Structure formats: structure tokens, C-alpha cells
K.L.:
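Handing you a structure now.
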Amino acid sequence: MSTIISQLQLPGKQAPKLNALPPLSLYIHIPWCLKKCPYCDFNSHAVRTGIDIDEKAYVSALIRDLESTLPHVWGRRLISIFFGGGTPSLFSAATIDTLLTAIKTLFPLEPGAEVTLEANPGTFEAEKFAAYRDAGINRLSIGIQSFNSDHLRSLGRSHDGQDAIKAIEIAQKNFDNINLDLMYALPGQNINDAGNDIKTACAFGVSHLSVYHLTLEPNTLFYRFPPVLPSDEQSAAMQEMIEQTLTSHQYLHYETSAFSQRGRVAQHNMNYWLFGDYLGIGAGAHSKISFETQIMRQMRYKQPQEYIEKAALAGAGSETTVQSRQTLSNNDRCFEFMMNALRLTGGFESALFQERTGLPISIVMPQLDEAEQRCLITRDHRHIRPTHLGKRFLNDLLQLFLSDSLEYSPKSTGNGKA
Ligand code: SF4
């Protein structure tokens, strides 16, 4: 591989400039779960027995945090809102209502903006679905993972196959825009089991499916004590079968793990993948905010209690909840744009690169040439798309755009399951 990007400079060393700011989304992180799943590396904390979550204190912290960050995004409209976690459905509908009311007071919302809440399929959560809809949620994302109770047990999940089915039925009575999260290559799973999960999901005809390969992430129990998993060949066969089954059920495979019915792509996630802006509030949430001459990343304090304490000190523009911030270099802009946009099976319009990074596409021409020579992308005068090979070997494709000053991380936003 010859073309690792060295420090990119614009002619005359001028700073890159954005002609217009990208669309803005809001992410709200709820960092608690009933228990910690052994494969999970998200910023989620098991609720300790006998200790209730202080919803009130956390909501006050979120609202203070949002108010303090307003000067950075003044006057901008939100195109989507996403409550992720953790398990946001542990919170009451009244709490979600309070938050949405505060958000709408502080931000103008695009008409028809997508407002998603992640929910687990336990009975306790499903009973609240109607109330979430009344609070203003218009899209539900349910963490089904599998319909097979044995596999759910092996994943350490609190629900079983029947709970999963019941939760989808209740969700469909209240929402017409539903995502189901599923996983494959599970301990003890064979291709028939994976096929049964996908066919069961298809039978519900929900608008969106996100299907993830189980991976063993560092800092998880599964990483320390790995279960026996299907081989790489078996996993690849499952992936092929899943893509074919979903295509035959008219789902559009539009991103590495995302499948949607016509017109139902996830607006919030699309904004991540098209290198839009997002403001992330809540413990450990990540933000990416663009200004005319800089693009800034931030991460909030990760421990919920510390986050609440820091938020209590916040004032307009002071952002005491921010633990780390970074201004993106030209290299970062290039790599992060590609890391997101090349996940889209349809690729992106070449003009978008300059629109979102402020850099001319000519700056990555040697890398694009090499990617094309290696049959990892195709391009014409308007579009750049990953090929079938490029999608299969996405990491190899992205390595071409990796600067020697960056550490590669396949997670695009840091905010949950995008
Ligand atoms: S996988 Fe989901 S439910 Fe399990 S611990 Fe992680 S965030 Fe919580």
C-alpha cells in the first residue's frame, strides 16, 4: 500500500472553509441498562440492585448541558433526534416528554423530523410504547438481537423469543416506523438458525432492519472469556444469506449493516454517514460540530455521576460537561469523511466531499486512483461508490485514506449503534 496520506496542505496554506454548514442532529445518551451484556462495549452501566436511577437529576443535567452548548449551534435547525444508550426505555414516558419539550423550546425542528428512541423488548418497556408515541417519539428502534431464546440466553439478554415477538406486535400498534436490531454469528448459531431469525423479522414487514455481526470488543466479558463462535466461512455464508433474504423481501441494503423499505432509511444515521453535524449530550456522548473554518469533535464525561456534577456547573458557552475536544486536521477531515461515506452501498456524490470537509476532492486523488486500480471503488464524473470487493474489504479501502497521525477506529461516531 503506497499512499498513506502525509500532512495535507491546501495551496498557499490557506485554511479550508465551508460554504454552508451541514444538517444538524441531536443525540441523547441514556447510560443505564438492567444488566451489562457480555459483548457490549457501549458506555452503559448496570442498574445496581436496590438503587434507583435518579431520572430527575439526569434530565436536569441534560437540559443544562443543552442550554450551555447553544452558543455553538445558535439558530440551527435539528433534522433528527435520537435517544440511544444504554437503554432509554428504562426512562418513563413523562421524562422523555419533559426532555422533548425542553429541546423544542431551545431548537427549531425540521417539519417531520425523525425522533427515535431505542427500546428493549422486555415487558416492562413494551408497556410504555404507546406513551412514548404520545410524548413525541415517531420511530422506535428495538434491540431484538435474535428470536431464539437459547441464543438470547448465550448473549446474556434479559428477554426471550416470546418477549421479542410481543414487543414488535405492541410497537406495530403504535408506530409505523420501526427498526429491529438483529445480530448474527452468535455462539452456537448455524446458518439455519440465522435464516430463521431473518425470516421471522421479515414476516413483520417493519420499515427498517439493522443486522450486525457479533464482534468481540476489547473491554468486554466475551473478549476475556471468548465463547465458541461460527468460523469466518460460516459467518460469511450467513452474511450472504441475510443479504439475499432481505433483498428478496424488497429491503434496500443501503449501508454495511442497514436495510430499509423504500423511503425509510434512518435519517439520523444517514446524517452521520454523510458527515453531517451532531450534537451529543449525556454521559460519554460524542459531538461533531462544524464552523466556517473549523470542525470540532467533543466527548462528554463518561461516568453518569461525574457528568451530572459537571453539568451543575455549566453556564452559557462554558460547556463544563466536555471532557475532551479536538479540532479536525485536514487529514482527519478526509479520513473521517471516507470512513463514514464509504459505508454507504450507493457511495456519495463527489461534490459532497468539498461541501462537508471544505477540501477539494483533488486532495485525495492519488488515493482514489489506487482504490480504483485495486477494484475497491468505481467512479464517474458525479459519484464515488464502493464495489462489491470494496464493501467486503472496507477496512482495506479505508486504510488508503488513513493518515499516519490517526488511529483507525471502525466506529464512526462513538454514539451507540450508528
Ligand atoms: S448491548 Fe444494549 S442492553 Fe446490553 S448492555 Fe449494551 S447497551 Fe445495554
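Remember, it's a predicted structure, so these values are computed and weren't measured experimentally. Only heavy atoms go into these numbers, but all of them, side chains included; no hydrogens, no water, no symmetry mates.
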K.L.:
Is it the case that the side chains of Q234 and S231 hold a donor-acceptor pair, with the cut-off being a distance below 3.5 Å and no angle test?
P.N.:
yes
K.L.:
For S257, is there any backbone N or O sitting under 3.5 Å from a side-chain donor or acceptor partner on E255?
P.N.:
yes
K.L.:
Determine whether the side chains of T245 and K199 contain a donor N or O and an acceptor N or O closer than 3.5 Å.
P.N.:
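No - no donor-acceptor pair under 3.5 Å links their side chains.
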K.L.:
As a quick check of understanding, evaluate salt bridge (charged side-chain N to carboxylate O under 4.0 Å, His left out) for R392 and E240, giving each step before the final call.
P.N.:
CA-CA 11 Å; R392 280 280 176 271; E240 202 77 41; 3.0 Å; yes
K.L.:
Taking the six-membered ring for Trp and the full ring for Phe, Tyr or His, determine whether the centres of F259 and H208 are under 6.0 Å apart.
P.N.:
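Ring centres of H208 and F259 not closer than 6.0 Å.
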K.L.:
Classify the side-chain pair D181/N179 by whether it contains a donor and acceptor separated by less than 3.5 Å.
P.N.:
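Per modelled atom types, D181 and N179 side chains form a pair under 3.5 Å.
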K.L.:
Less than 3.5 Å apart, any donor N or O on the side chain of Q326 or D332 sitting next to an acceptor on the other?
P.N.:
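Yes, a side-chain donor-acceptor pair sits under 3.5 Å.
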K.L.:
Not counting sequence neighbours, which residues clear side-chain hydrogen bond (donor to acceptor under 3.5 Å, both in side chains) with H253? List them please.
P.N.:
none
K.L.:
Look only at the side chain of Y39 and the backbone of Y223, and say whether a donor-acceptor pair between them is shorter than 3.5 Å.
P.N.:
no
K.L.:
Between R333 and T357 (side chain of the first, backbone of the second, donor and acceptor by atom type, cut-off under 3.5 Å), is there such a pair?
P.N.:
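Judged by distance alone, yes, a pair lies under 3.5 Å.
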K.L.:
Take E336 and K288, measure what salt bridge (charged side-chain N to carboxylate O under 4.0 Å, His left out) needs, and give me the verdict at the end.
P.N.:
CA-CA 11 Å; E336 293 195 15; K288 171 202 165 240; over 6 Å; no
K.L.:
Can T327 and Q294 be counted as having a side-chain donor-acceptor contact under 3.5 angstrom?
P.N.:
yes
K.L.:
Answer yes if the side chains of R264 and N177 hold a donor-acceptor pair under 3.5 Å, and no otherwise.
P.N.:
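Yes, a side-chain donor-acceptor pair sits under 3.5 Å.
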K.L.:
Less than 3.5 Å apart, any donor N or O on the side chain of E319 or H72 sitting next to an acceptor on the other?
P.N.:
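Yes, H72 and E319 have a side-chain donor paired with an acceptor closer than 3.5 Å.
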K.L.:
Would Q323 and E306 count as having a side-chain donor-acceptor pair, cut-off 3.5 Å?
P.N.:
no
K.L.:
Could you check whether S25 and S80, counting side-chain N and O atoms only, form a donor-acceptor pair closer than 3.5 Å?
P.N.:
yes
K.L.:
Centroid-to-centroid, Y58 to Y307, below 6.0 Å?
P.N.:
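For Y58 and Y307, the ring centres are under 6.0 Å apart.
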K.L.:
Under a plain distance cut-off of 3.5 Å, with no hydrogens placed, do T95 and E55 share a side-chain donor-acceptor pair?
P.N.:
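Yes - a donor-acceptor pair under 3.5 Å links their side chains.
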K.L.:
Do other residues, nucleotides or ligands put more than 12 heavy atoms under 6.0 Å from the NZ atom of K391?
P.N.:
yes
K.L.:
Check E370 with R374, please: is the shortest side-chain N to carboxylate O separation under 4.0 Å?
P.N.:
yes
K.L.:
Looking only at side-chain N and O atoms, does D65 offer a donor or acceptor that is under 3.5 Å from a partner on T321?
P.N.:
yes
K.L.:
Just checking, any donor-acceptor pair under 3.5 angstrom between side chains of R224 and N219?
P.N.:
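There is no such pair (donor and acceptor under 3.5 Å, judged by atom type) between the side chains of R224 and N219.
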K.L.:
So, the side chain of S68 versus the backbone of A314: is there a donor-acceptor pair under 3.5 Å, distance only?
P.N.:
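No, because the side chain of S68 does not come within donor-acceptor range (under 3.5 Å) of the backbone of A314.
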K.L.:
Among F82, F337, Y278, find the residue that satisfies the ring pair (Phe, Tyr, Trp, His ring centres under 6.0 Å) test when tested with Y272.
P.N.:
Y278
K.L.:
Would you check, one step at a time, whether the test salt bridge (charged side-chain N to carboxylate O under 4.0 Å, His left out) holds for D176 with R133?
P.N.:
CA-CA 11 Å; D176 70 343; R133 180 206 55 211; over 6 Å; no
K.L.:
Using the six-membered ring wherever Trp is involved, compare the ring planes of W273 and Y254 and label them parallel, tilted or perpendicular (cut-offs 30° and 60°).
P.N.:
perpendicular
K.L.:
Would you find a donor on one side and an acceptor on the other, under 3.5 Å apart, between the side chain of R297 and the backbone of H286?
P.N.:
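Here the side-chain-to-backbone pair does not exist.
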K.L.:
Would you tell me whether S290 and D277 have side-chain atoms, one donor and one acceptor, within less than 3.5 Å of each other?
P.N.:
yes
K.L.:
With a cut-off of under 6.0 Å to the ring centre and 45° to the axis, is K17 in cation-pi contact with F291?
P.N.:
no
K.L.:
Hey, does the side chain of D197 reach the backbone of F147 with a donor-acceptor pair shorter than 3.5 angstrom?
P.N.:
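Looks like yes, one N/O pair under 3.5 Å.
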